[in-house]
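In the text below, chain A, chain B and the rest are named by the order of the sequence lines, each starting its count at 1. Being a predicted model, the structure only gives us computed values, none of them experimental.
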2 protein chains.
Amino acid sequence: MAHGGKPRPMKGIRQLAEHLDISIGTVSRALNGKPDVNEETRKRVLAAAEQLGYVANQSGRSLRQGTTNVIGLMIQSSRETVENSDNFFLTVTGGLQSVFSRHNLDLIMLPCPHDEDPYEYLKRMVARRIADAMIISETQRVDKRFDLLAKAKIPFAALGRSLSGAQHPWADLDFDGVVNCAVDRLVAHGHRRIAISAPASEINLGFVFVDGYRHALERHGIPYDPALVIRAKSSEQGGYQVGDELLRLESRPTAVILIYELMAIGLYRRVMEAGIIPGQDIAVVSFREAPRAKFLQPALTCFRTSLHDLGVELAEILLSSMPAYSEEYPRTSRQSVWPLELIPGESDAFQLRPAK
Amino acid sequence: MAHGGKPRPMKGIRQLAEHLDISIGTVSRALNGKPDVNEETRKRVLAAAEQLGYVANQSGRSLRQGTTNVIGLMIQSSRETVENSDNFFLTVTGGLQSVFSRHNLDLIMLPCPHDEDPYEYLKRMVARRIADAMIISETQRVDKRFDLLAKAKIPFAALGRSLSGAQHPWADLDFDGVVNCAVDRLVAHGHRRIAISAPASEINLGFVFVDGYRHALERHGIPYDPALVIRAKSSEQGGYQVGDELLRLESRPTAVILIYELMAIGLYRRVMEAGIIPGQDIAVVSFREAPRAKFLQPALTCFRTSLHDLGVELAEILLSSMPAYSEEYPRTSRQSVWPLELIPGESDAFQLRPAK
DNA sequence: ACGCGCTCCGTAAACGTTTACGATACTATG
DNA sequence: CATAGTATCGTAAACGTTTACGGAGCGCGT
């Protein structure tokens, strides 16, 4: 019988067992839904735990069963990211959690400090066994983190495709599709000289984007001109810089593909300073709609997708490669390119005059 | 002697001890910098640990000493946040980490899912003892989380001031100062009818901002008109909406104070659609410079601060309220208002004609 | 009466650390 | 030489769980 104890915080499963006059083994089994426990006593245990606010100590639990029920999402708060990701991660995180929460898995974000090597940071986190599985982002062209995780035998998936080594699980946006669609569209409007902006080529994204661009051009029999590839930051500032570079080119392109919509703000500004009007003198198409640039004039033609759903996809890919959940998420492939939808605007709506 | 073992991953401190032919107690003491261990053996232990890649299992450690060496930063990825915080958190996080890392404390971000009650989420995290201390953000006017943390006796600090209950530790931006400065400036330019935008008043920020605004007006003998307080989201969209509301007012304000710089993009757009030119027909001043709006025309008068340094301040406040670190961070006050710097632009640079 | 299977529960051993305590060897002191 | 003090280390007990194992009670068929 309860000896008048008020619901003060529990000290452990032992107290809860004493309170109920049963053994701690039974209490544990009752709480964890094990089969060999009377339904009657299970109810009593659950009720008492609820009332006394008992929650199993995570350290004890993980120590015993070697599992933390936590998924880690590593992000680099690099200057680049901080400036351009405009809550990319928070949005994807929502999708991830909607899946993980079904399995009582908690997601934590692990922000790697600016001044620490991402590899060392991840190594530390892995060694501490802070999470059962890891999601890494902002993958580099060659990224040692893949080997680290593989060697440590910890399940993982990448947000952003991997080119390094084996067939690691990842989900990524369909850069190829976007670039293909953009080039097709521009060519159909009469453009032949099409510039493109991309981040540094060590970053996977920077490589893949330009690669797709080159192939798309080839399909149309347009020669690839490296001078038209402009490396810039994915920010308004970067867009301004892209504008600068465009104006500096001897034979100015008639169209430009941006990798990040915010850049359009800076680009518009720069070219308009030079008396060039977007959507009239130069066509602009951009990847990945940010809600930011909605107010641009003329309206920007861009590609949109649900980052939330991308998170869902990535979560399922990760779970499918975790032994404890793999049978629940059977997959034929653990790589996924996520489609985007074209949002036509006015910024590329004009037909180029055939006259040079 | 090492019996030819290649540096494969360690299984525990026991193996490391066997490898070195000393007891696990000594190994533990050596690794943790305890005094009663020979400097010679300490070196050997450290070297072996480094070579074999041994890192103490966090679960075992926390179980024993009841501490995790982790600080949790809870964020709500609410729609509001996702849309407007533009990496506010990631930037502050950098400052937090720069302090925590000096004490081998790791920061993890705990994103509360949209569909979960923040209070319940925090309760779960606290019960799991996932972190030694907590930082909460986006505090509400009355926020039960403060009581929860206080009752659980877990050290915490808030990013955003608290109005609920006792004197909890927090750091926050100096909204009062900003609003005062903005109103002073506008009044000096001849404005008397000044509108302001703010988020919903349940959010502390929404309340504090408007409160400061009212007091500033009173100082100048200008009556407070509730109709001039426009509640809107802190996004371009919200700015557009603010423009709408302004145009709808019978006696149109000659100036407006925005709470978030991005809103200016939408606001500019809306009022210009109505033929009203910012910085000429209406004065605009905004709080908290986002790097986003740098390209606005006319340049926006706004207030800037270092969110990184705000993070540093917040970290020190938190540590000062943790018994293990308090002597290292002595403070007279655990509440801190963080100053901002005025960045004059052209958007409020005109003198209002005295004629009505 | 006996054995068997089933349901339910208690016991105790792990999991990997840290740390209080005691043991040992050595040095200094009388 | 005896003793006290110091430096260094080993031993074992915790920390809070989960879970393999076995035991008690019961019903049932032979």
Q.
Is the distance from the ring center of B:Y54 to that of B:H19 below 6.0 Å?
A. no
Does [N] have OP1 or OP2 under 4.0 Å away from a side-chain N or O of [X]?
X	N	value
B:Y54	C:dG16	no
A:R61	D:dT18	yes
B:N38	D:dA7	no
B:T41	D:dC9	yes
B:N57	C:dC15	no
B:K34	C:dT19	yes
B:T26	D:dG10	yes

Among [options], the nucleotide that comes nearest once only the side chain of [X] is considered:
X	options	value
B:L63	C:dT17, D:dT17, C:dG16	C:dG16
A:V37	D:dA13, D:dT19, C:dC9	C:dC9
B:A56	D:dG10, C:dT17, D:dT18	C:dT17

(Q) The test is side chain to side chain donor-acceptor pair (under 3.5 Å); show your working for A:T68 and A:R129 and say whether it passes. (A) CA-CA 8 Å; A:T68 64; A:R129 284 172 183 71; over 6 Å; no
**Q.** Exceeds 12 heavy-atom contacts within 6.0 angstrom, atom CD of A:E327
**A.**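 Count over threshold, so yes.
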Q.
Both B:Q65 and B:D36 contact DNA chain C. Which one's nearest nucleotide lies toward the 5' end?
A.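 The residue closer to the strand's 5' end, by nearest nucleotide, is B:Q65.
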Q: Mark yes or no for a side-chain to base donor-acceptor pair under 3.5 Å between B:R29 and D:dG10, with no hydrogen or angle criteria applied.
A: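 Answer is yes: a donor-acceptor pair is held.
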